[in-house]
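Have a look at the structure below, then the notes.
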There are 8 protein chains.
Amino acid sequence: MDAEARLDLNRSSRIDLPEAIYCQSKTPDQCVSIVARLLEGAGGEDAVVATRITAEQRGPLATLAPTASIDGATLSTMTWRHRGPSGATAAVVAAGTSDLAVAGECRLTLQAMGHDVVPLTDVGVAGLHRLMDVLPELEPVDVIIAIAGMEGALPTVLAGLVPQPIVAVPTSVGYGTAFEGQTALMSMMTSCAPGIAVVGIDNGYGAACAAHRILRTATSGQSQRPKS
Amino acid sequence: MDAEARLDLNRSSRIDLPEAIYCQSKTPDQCVSIVARLLEGAGGEDAVVATRITAEQRGPLATLAPTASIDGATLSTMTWRHRGPSGATAAVVAAGTSDLAVAGECRLTLQAMGHDVVPLTDVGVAGLHRLMDVLPELEPVDVIIAIAGMEGALPTVLAGLVPQPIVAVPTSVGYGTAFEGQTALMSMMTSCAPGIAVVGIDNGYGAACAAHRILRTATSGQSQRPKS
Amino acid sequence: MDAEARLDLNRSSRIDLPEAIYCQSKTPDQCVSIVARLLEGAGGEDAVVATRITAEQRGPLATLAPTASIDGATLSTMTWRHRGPSGATAAVVAAGTSDLAVAGECRLTLQAMGHDVVPLTDVGVAGLHRLMDVLPELEPVDVIIAIAGMEGALPTVLAGLVPQPIVAVPTSVGYGTAFEGQTALMSMMTSCAPGIAVVGIDNGYGAACAAHRILRTATSGQSQRPKS
Amino acid sequence: MDAEARLDLNRSSRIDLPEAIYCQSKTPDQCVSIVARLLEGAGGEDAVVATRITAEQRGPLATLAPTASIDGATLSTMTWRHRGPSGATAAVVAAGTSDLAVAGECRLTLQAMGHDVVPLTDVGVAGLHRLMDVLPELEPVDVIIAIAGMEGALPTVLAGLVPQPIVAVPTSVGYGTAFEGQTALMSMMTSCAPGIAVVGIDNGYGAACAAHRILRTATSGQSQRPKS
Amino acid sequence: MDAEARLDLNRSSRIDLPEAIYCQSKTPDQCVSIVARLLEGAGGEDAVVATRITAEQRGPLATLAPTASIDGATLSTMTWRHRGPSGATAAVVAAGTSDLAVAGECRLTLQAMGHDVVPLTDVGVAGLHRLMDVLPELEPVDVIIAIAGMEGALPTVLAGLVPQPIVAVPTSVGYGTAFEGQTALMSMMTSCAPGIAVVGIDNGYGAACAAHRILRTATSGQSQRPKS
Amino acid sequence: MDAEARLDLNRSSRIDLPEAIYCQSKTPDQCVSIVARLLEGAGGEDAVVATRITAEQRGPLATLAPTASIDGATLSTMTWRHRGPSGATAAVVAAGTSDLAVAGECRLTLQAMGHDVVPLTDVGVAGLHRLMDVLPELEPVDVIIAIAGMEGALPTVLAGLVPQPIVAVPTSVGYGTAFEGQTALMSMMTSCAPGIAVVGIDNGYGAACAAHRILRTATSGQSQRPKS
Amino acid sequence: MDAEARLDLNRSSRIDLPEAIYCQSKTPDQCVSIVARLLEGAGGEDAVVATRITAEQRGPLATLAPTASIDGATLSTMTWRHRGPSGATAAVVAAGTSDLAVAGECRLTLQAMGHDVVPLTDVGVAGLHRLMDVLPELEPVDVIIAIAGMEGALPTVLAGLVPQPIVAVPTSVGYGTAFEGQTALMSMMTSCAPGIAVVGIDNGYGAACAAHRILRTATSGQSQRPKS
Amino acid sequence: MDAEARLDLNRSSRIDLPEAIYCQSKTPDQCVSIVARLLEGAGGEDAVVATRITAEQRGPLATLAPTASIDGATLSTMTWRHRGPSGATAAVVAAGTSDLAVAGECRLTLQAMGHDVVPLTDVGVAGLHRLMDVLPELEPVDVIIAIAGMEGALPTVLAGLVPQPIVAVPTSVGYGTAFEGQTALMSMMTSCAPGIAVVGIDNGYGAACAAHRILRTATSGQSQRPKS
């Protein structure tokens with residue numbers, strides 16, 4: 001309808017989150033055009049994140065300078081112009097290998113915002129010892145993102161073991177009664193373990209944003225509005 | 001409509017389960033009449049189980065001889081004329097104190113069928129050490145009934161730790177997204193741990209029957225039809 | 001079944017959250033007994049929180065020393081032995097007066113854990129200026145808890161305006177298509193604004209715990225396990 | 001079954017809405033045949049609207065005279081023989097670029113009925129200033145059609161800011177908890193802002209018809225049945 | 001939490017709708033206090049509407065001057081200080097006598113805003129002739145509010161017969177598969193008749209507001225913002 | 001697993017319905033093999049019906065003697081060896097052209113059982129006069145099958161106008177809130193018109209069987225078991 | 001709103017079903033007034049049926065002459081002025097004693113329309129022999145109404161054994177996953193046995209009306225419109 | 001993320017179930033790599049099971065030594081290195097031919113664990129005699145796995161006839177109200193027959209694991225932890 005997309009150009013200064021492009025329902029040309037405008041500085045100089053990139057969109061987007069970082073496992077997330085190191089660290093914990101697509105989107109977004117990421121996979125609660133084995137790796141992190149499909153019990157078990165903020169991400173992994181992630185979602189919302197906060201199904205980007213809001217707090221010792 | 005209820009009088013010889021009376025939608029007189037007929041030997045001499053007994057029904061039912069066993073915690077399950085000892089043992093494991101109403105119905109039904117019961121409570125997965133502490137008590141049992149509401153993760157964690165048959169019972173404990181037990185039910189059906197079998201929400205009686213079918217196998221070393 | 005509840009006595013040293021008693025499905029005696037054991041020091045010396053207190057339970061619980069703090073608006077939350085000041089601040093923002101029961105549970109739990117609370121009410125998005133008017137009050141807070149029923153749009157609008165962590169709580173306020181809070185829940189999970197983390201319907205206590213996990217990060221500048 | 005479709009040929013004189021062809025489950029030949037009959041004057045001389053046109057149907061339909069208007073963005077809506085100017089104006093407001101397919105169907109239908117359309121896009125509530133910026137453009141319009149997917153908060157915020165009739169259209173944009181538009185639908189039906197009227201998911205044509213019924217009122221100052 | 005409710009005092013000048021009080025979850029004192037403040041002129045001089053009044057609240061509210069209008073059938077809606085005549089007319093059409101509670105809330109709200117109301121009841125589509133008989137009474141009205149529970153077919157049939165704007169209200173009348181109004185709601189949203197706009201289940205007040213937005217258009221011939 | 005399908009060979013003599021093959025999840029070879037066995041007289045000499053035939057299965061099935069009748073419109077239903085005329089008549093009434101696939105399956109099945117069929121299409125209730133026009137054609141029929149998608153109001157309106165048995169079939173026609181036929185199904189089950197009986201979504205074959213059970217009654221004046 | 005209910009007075013001559021009063025949401029006075037008008041001959045001389053009568057309404061209704069027939073088991077259905085014998089017979093088959101409330105409403109309605117009723121209870125499929133035992137009683141009946149709650153398997157088993165028309169009624173009997181009758185409803189709609197027609201949950205009156213439409217066919221040998 | 005999958009290598013000694021690979025969301029290389037590692041003895045020497053194998057994965061997996069067993073019917077399940085004979089027997093009973101894909105996954109998994117399998121197909125309850133005919137074949141088995149789609153009544157009927165443990169598997173067979181297996185699932189959970197235990201939709205592997213847990217009990221006469 002309008003000639004071009006009405007970008008939310010001052011999002012970064014308002015809420016300290018970089019502009020993100022959700023590619024799924026856009027043409028390759030639309031994606032390239034939006035990312036290019038942002039890289040040219042519309043809205044200021046900040047990181048740029050593109051998610052749900054299709055095979056058809058990947059090539060054209062990869063040509064945009066400065067060089068994009070691509071999630072090696074899924075190839076569906078790309079980021080440009082990362083922020084400098086924040087000094088904060090997030091763990092991205094995935095229950096199974098099938099959850100890696102969501103984990104990749106989450107990890108690359110966090111890295112674009114300058115955070116260190118500790119990735120951990122295959123720690124589903126059906127083999128509890130695997131989770132117990134990696135608990136020491138979780139001790140120094142500032143926030144934990146727990147990603148699980150099927151019955152989604154991982155965040156519940158984690159929340160009973162560690163004191164950090166936990167952002168839970170239900171995934172659409174599984175079949176039958178997994179109901180495309182609804183069972184994991186409801187399980188996480190109803191957890192008997194206290195203090196789990198949940199984002200939408202398969203929403204790795206949203207989890208990274210929620211974690212970033214928390215990590216800002218961790219690094220400043222006090223929340224502060226971005227300098228505009 | 002008919003003068004009196006058409007009881008399933010040969011159920012015991014057919015499937016080796018005693019007749020049970022679901023009291024909830026019956027008058028006290030109807031309950032007493034059905035239990036009395038069974039105690040007088042209609043359908044043979046077997047244990048009798050009444051579940052979902054209301055306060056109003058409890059008094060009249062308690063007068064029926066031989067003396068009834070009443071679940072002390074909930075007062076809503078009564079049994080008469082228990083079978084002799086089977087030599088088999090079931091653990092009835094409840095995640096929280098709110099699950100005790102279902103656990104009581106399950107335990108008393110198992111005892112009426114002659115089985116030993118090991119009751120364990122408050123072993124929810126939010127404090128995993130409580131479950132770990134009782135694992136040795138589970139080793140000698142033949143079947144485990146795992147009862148949990150809210151997100152229902154207990155059977156999943158258990159099934160990754162022990163080799164026995166696990167009958168999972170979702171309960172309607174919780175509020176909001178617990179959805180009257182639906183979340184626990186779906187979580188259990190979708191478990192990432194292999195070999196969990198599930199019965200209906202709050203159905204302690206059904207879990208006991210499923211366990212009994214299994215325990216018959218355990219005690220005989222081979223399934224055999226009841227002697228008719 | 002067991003003689004008494006198996007309390008999670010070292011929860012505080014493990015995950016830095018005080019023991020909480022969910023009173024709804026317990027007798028007054030059970031509630032008093034559990035709270036008394038905790039106040040006597042079982043599990044160490046920490047704050048104690050009781051939620052979903054009924055009218056019948058309120059009197060007996062109020063007699064327990066040291067004196068309880070009671071949520072004045074709802075009378076359904078009580079706390080004992082608050083922690084010392086954390087130096088951190090949370091805003092508890094409720095869309096309408098009908099959301100105050102959830103807000104009260106949330107606020108008192110946060111105060112028991114030593115945090116300052118900025119309460120804001122009647123800032124629903126149907127009259128946007130009311131929300132705009134209170135934005136300055138939100139600037140200095142470390143975390144925002146946004147509570148809303150009906151269509152649950154408040155967290156979405158907030159998340160587009162401020163950079164802090166936002167914990168959203170859907171409430172069962174409304175009728176018809178509010179579906180006991182499901183519509184608000186799903187709306188919050190599907191928000192077009194980035195970085196909202198959601199807890200269960202009406203779960204003010206859970207929101208406070210999620211906020212506390214975040215505030216620990218804010219006050220220490222780095223997550224650290226509680227001293228055991 | 002019957003030789004040819006039983007068209008509702010006097011719909012225009014009865015309810016003042018032109019005949020519309022829903023192409024999705026029809027063959028190209030069926031679509032062409034129905035549109036041709038209408039253009040030849042079966043049912044009188046009025047505008048003709050075809051929606052949900054597939055790529056396969058587009059070519060054959062485009063050859064029908066008088067020349068069709070095609071929605072440039074989606075190519076899935078075509079109209080023939082527009083009515084003369086009504087003097088009324090509708091705003092078609094879409095929250096995001098992904099909602100443009102629905103917006104296009106809506107806009108072209110309105111234009112076929114003779115109304116002016118003010119199109120506005122990318123005014124989602126996550127960046128509230130974008131909506132605030134276009135409020136002046138909404139002042140002179142007679143009715144507002146508000147189109148949004150995901151959590152569907154746009155109509156709620158609009159309804160608190162402007163006095164005109166608002167027809168809300170939920171779209172199936174989003175993934176996971178968007179539930180193919182159900183979340184947006186329920187959110188709109190449950191709005192805390194008064195006086196929003198909602199049509200079905202992705203139903204741009206239906207929204208245009210609802211708006212037209214309203215615009216007839218606006219232009220005549222009083223409802224009147226079409227001259228038969 | 002706050003000392004008193006944060007009323008949306010300039011709603012009337014902003015969107016031309018009077019302040020309304022949803023009484024269901026408030027104490028009698030809270031209701032009286034809010035209505036009294038509005039009648040004293042907080043927010044200007046406009047009509048005041050209170051809905052979902054309980055038996056306990058009715059007495060205290062009735063004493064507030066100027067004298068309240070009470071819906072005679074349901075006693076659950078009260079209005080004060082009606083606006084002057086608008087010159088516009090709305091029909092409030094209810095499928096059955098069980099829908100009258102919703103119809104009453106709708107009618108009294110419309111009258112408070114100065115509109116004439118034509119009430120019609122018991123015109124369900126199972127006896128189609130009853131609807132056909134009242135069609136002449138619908139001809140002069142400017143907008144039609146169609147209220148129905150169960151399968152909710154009334155608006156569909158109406159929308160095929162008349163050209164006016166139709167605001168459909170699903171009600172929770174019925175049992176079993178009526179699903180508390182969901183079936184009627186979904187039926188109305190999916191209507192094969194073009195141009196029906198729907199409000200929430202049992203939301204008579206919301207329907208009146210939607211109708212008022214339309215009637216403003218009818219009486220002015222062109223939308224205009226309220227004089228502020 | 002087994003060498004070949006365990007056919008229900010005496011179904012015809014038991015319940016007077018011919019064997020039917022649901023082709024959707026079978027290979028072409030499996031379909032041909034089953035139909036061939038039935039045509040060779042396994043289970044006696046009766047009509048044979050195959051439904052949900054795919055394009056791939058159609059060719060091989062068409063070669064089986066005696067020659068098959070194929071539904072001309074959908075090509076997805078085939079029948080062999082029709083029964084002799086029953087003397088009874090069914091109307092198959094479809095709301096829209098999109099419902100013709102279901103109508104065809106229904107009609108051909110009825111004809112295979114020897115019944116006359118009156119087909120009527122495009123009589124949706126949005127243009128009520130179309131239905132009124134065909135009422136005389138319905139007068140002599142013994143049973144009416146009413147097929148509709150979207151909001152499914154056709155059976156409700158019909159049931160208020162005619163005294164015959166009505167078998168309603170919801171179809172998956174529509175999009176968005178049509179929910180693949182659920183809305184039509186629930187609408188039909190909740191009808192305010194008395195005496196509608198409903199079969200499953202898109203189940204034209206089931207509707208024909210239900211109608212056949214009724215027509216047996218009509219032709220004999222009294223139910224009688226088939227001669228075995 | 002209107003002075004008195006707009007009764008569907010010529011329903012009997014149009015569709016051959018007597019007027020019925022659904023009492024649940026009416027006052028005792030409203031019920032008495034409507035029944036009295038019908039008994040005085042408004043709408044002609046036909047049977048009158050009142051369903052869902054509450055304890056409060058029962059007394060006043062019982063005084064209306066001619067003397068009412070009351071369902072002895074439930075006291076919630078009353079009928080007046082039965083039609084003469086039709087010569088047709090319906091079986092009303094209930095799976096369990098808990099289904100008797102629905103069975104009673106169904107039976108008394110059928111009797112008011114002049115049909116003989118064969119009542120059968122406690123023939124649930126968990127004890128299949130009970131159903132097998134009563135098969136001979138079903139042979140002479142013209143139509144079978146099969147009533148079941150819980151998993152609702154009774155109609156499926158019946159439909160594989162007998163050739164008559166089967167009207168299935170799901171009931172809200174059961175708890176947990178019975179979901180107030182939804183599970184039984186969906187099970188019946190999805191039956192693998194051909195030709196089951198289903199009415200709404202707990203809708204005994206609707207089942208009787210569906211059966212009556214069928215029985216008219218059985219007794220006349222050919223459908224005929226009622227003499228008007 | 002991690003270099004390679006974190007396999008649950010001691011599952012066999014912990015819970016006596018072999019490692020299984022769920023292939024659906026993995027690349028052929030990933031599948032081959034995991035199976036190869038297991039066959040090389042990582043985690044000890046035990047059977048290996050791969051399920052949901054795609055056509056693309058089948059070839060590469062078939063080359064792995066020792067030679068794989070492939071389910072002949074579906075080609076989607078492969079097993080390697082079967083355990084020695086357990087002496088126990090399971091019946092795998094499928095209601096229809098469409099359920100064979102699930103039955104095959106179940107059967108091959110059981111055989112890999114050393115159990116004998118009695119396969120029975122096409123014994124759906126719509127033709128009850130087929131089930132009655134095979135009852136003698138069920139007498140000697142230790143556990144019964146009952147697989148059914150559509151309305152899922154098979155386990156209910158079976159559980160009323162035989163005393164053995166019954167593991168029920170709902171399948172996604174059917175269309176419309178089958179709701180991808182949900183109707184069968186809910187029907188099985190709500191069964192009026194006592195002692196049915198249910199696994200997830202289409203989860204043949206899970207049913208085999210549940211049966212194995214039971215069969216261990218049958219063969220040892222007493223549960224015992226696997227020798228580690």
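Note on naming: letters A, B, ... go to the chains in the order of the sequence lines (proteins, then strands), and numbering restarts at 1 for each one. Note: hydrogens, waters and symmetry copies are ignored here, and every other heavy atom, side chains too, is used. Small disclaimer: the values here were computed from a predicted structure and weren't measured.
- For E:Glu180, the CD atom sits in a loose shell: 12 or fewer heavy atoms of surrounding residues, nucleotides or ligands are nearer than 6.0 Å.
- Counting only heavy atoms from C-beta outward, the side chains of E:Leu128 and F:Leu128 approach each other to under 4.5 Å.
- When each of E:Met189, E:Met186, E:Met188 is checked for a side chain to side chain contact (heavy atoms under 4.5 Å, CB included) with F:Thr183, only E:Met186 meets the rule.
- The backbone N or O of F:Cys192 sits less than 3.5 Å from a side-chain atom of E:Glu151, completing a donor-acceptor pair.
- Interface residue E:Ala178: backbone and side-chain heavy atoms are both found under 4.5 Å from chain F.
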